[in-house]
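Heads up, the thing below is written out as structure tokens.
Bear in mind that the values here come from a model prediction, so they are computed numbers and not experimental data. For this chain, numbers begin at 1 and follow the sequence in order. One-based numbering, in listed order, for ligands and for the atoms of each.
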Amino acid sequence: MPAAPSPDDATAAGLAQLQQLGTPAGTAALARAAALVAEGVDVLPALGRLRAEVGVELAGPAWELARLRARARPVFGADADVLFLTSDTLEQAGRPALAARRAERLLAGGTGSVADLGSASGTDTIALARAGAQVVAVDRDPLARALTAANARALGVADRVRVIDGDAVELVAAAQGGRVAGCPAAVLDPARRAGGRRQLNPDRWSPPWSTVAQLLDRVPRSVVKVAPGLDHHRVPAGIEAEWVSVSGSIVEALLWGRERAETGRRASLVRDGAVLELTAATDPGPAPTGPVRGRLHEPDPAVIRSGLVSLVAAELGATLIDPTIAYLTSDGASDSPWVNSYRVDEVLPFNLKKLRALLRARGVGRVVVKKRGSPIEPESLARQLRGPGAASAVLVVTRVAGAPTVLVCDVSG
Ligand SMILES: C[S@@+](CC[C@H](N)C(=O)[O-])C[C@H]1O[C@@H](n2cnc3c(N)ncnc32)[C@H](O)[C@@H]1O
């Protein structure tokens, strides 16, 4: 088996490819590759055609980048057509719309310059430059620096971006007078994956938690992207923690430095370009618990992660079905944007045989299984419960007052 390329070799190869793709011949090869991707041509015939048309050297890199651009397009829009990416930097990239929102809040009131500490392919750098700041983009990875510079040029903001080689750990350790890397504001988005695996321990992020805490302490106008699962106990005093969801999925969590903190915790729900927010200065504590009633409500993950379920419960007149499970229940229906609601038709102890019989009796042949606090595998349970009936139902497999329970629900909540 051939030896895997060393990181240095891979970086050198990446830099050489980037350089080639930036030439007029590279641009033409990229246009041809993009057309083949758009036509849906399979990889082998596409590479065969590209090799014949643009040469062996450009064919592979052009095809790879054209595929990455197509993958980026749903989130990056038209920018994707000109961006330079690697699969790693695309995987690490945040959503440009959210980067723009962050940039706007960070720079509100005007900031001359801002440091992007760990720029990767430059999503935050571009957003900050577009918001009007002079950006010092720092990365210790030469390929990331080259990508940031190429993307700043491709998107017409190069005059506002200076890319530098630096170690964010050292720069933050040297921060003083509210400034880092010479800037009075900073964005830090630590790498939270290593070797393709998510690093759950913030001390193992790069830069690590100690740098995150130091930045928030020393540079009051700063924002740090953290893992949504961050333990609330880690959030330093005076710092705002914000959890952001889009279309019902949590997409990022942010820690806002003292100068930008407006509250203790915030859940933000982004929908159709608008943002709904729920805030609390301090931990509002748990919602009360009570028996299952006519409706079940599943809070948005930003509400759950931010620990603000009790605020939504109060708004809905709802209670938790179990002190350890984030499902709410109330008598009445709700059109609150903070929950998905279901009508509860049956509540029964978890028992596969009885459940199957009940579904048959109700004419239910298809179920969507949701679970919380249960080890079951939703898709496999849905398969096991498939039957001849024409009706469908939502099954919520969970715990109620500690007991494994199934709620047979209808979406018309
Ligand atoms: C998660 S990525 C940033 C993604 C970027 N904000 C975006 O949305 O596209 C983290 C970046 O930090 C860089 N990095 C990690 N540790 C660093 C350090 N100690 N100094 C400088 N850069 C570092 C990595 O090379 C990587 O490019």
Once you restrict both partners to nitrogen or oxygen, which atoms of ligand 1 have a protein partner under 3.5 Å, and how far apart are they?
residue: ligand 1; atom: 6 (N); partner: D124; partner atom: OD2; Å: 2.8
residue: ligand 1; atom: 6 (N); partner: D189; partner atom: OD2; Å: 2.8
residue: ligand 1; atom: 8 (O); partner: G94; partner atom: N; Å: 3.0
residue: ligand 1; atom: 8 (O); partner: T123; partner atom: OG1; Å: 3.4
residue: ligand 1; atom: 9 (O); partner: T123; partner atom: OG1; Å: 2.8
residue: ligand 1; atom: 16 (N); partner: S206; partner atom: O; Å: 3.4
residue: ligand 1; atom: 16 (N); partner: S206; partner atom: OG; Å: 2.7
residue: ligand 1; atom: 19 (N); partner: D167; partner atom: OD1; Å: 2.9
residue: ligand 1; atom: 20 (N); partner: A168; partner atom: N; Å: 2.8
residue: ligand 1; atom: 22 (N); partner: R140; partner atom: N; Å: 3.4
residue: ligand 1; atom: 25 (O); partner: D139; partner atom: OD1; Å: 2.7
residue: ligand 1; atom: 27 (O); partner: A120; partner atom: N; Å: 3.4
residue: ligand 1; atom: 27 (O); partner: D139; partner atom: OD2; Å: 2.6

Using a strict 4.0 Å threshold on nitrogen-to-oxygen distance, state whether [X] and [Y] make a salt bridge.
X    : Y    : result
D79  : R130 : yes
R73  : D81  : yes
E240 : R265 : no

Report all side-chain donor-acceptor pairs from residues 172-179 shorter than 3.5 Å, counting only partners two or more places apart or in another chain.
residue: R179; atom: NE; partner: G182; partner atom: O; Å: 3.4
residue: R179; atom: NH2; partner: G182; partner atom: O; Å: 3.0

Open item on the list: Taking side-chain hydrogen bond (donor to acceptor under 3.5 Å, both in side chains) as the definition, give me every residue that meets it alongside R305, ordered by chain and number, with sequence neighbours left out.
Closed with: none
Enumerate donor-acceptor pairs with a distance under 3.5 Å from any side-chain N or O in residues 276-286 to protein atoms, sequence neighbours excluded.
residue: E277; atom: OE1; partner: R266; partner atom: NH1; Å: 2.9
residue: E277; atom: OE2; partner: R101; partner atom: NH2; Å: 3.2
residue: D283; atom: OD1; partner: G285; partner atom: N; Å: 2.8

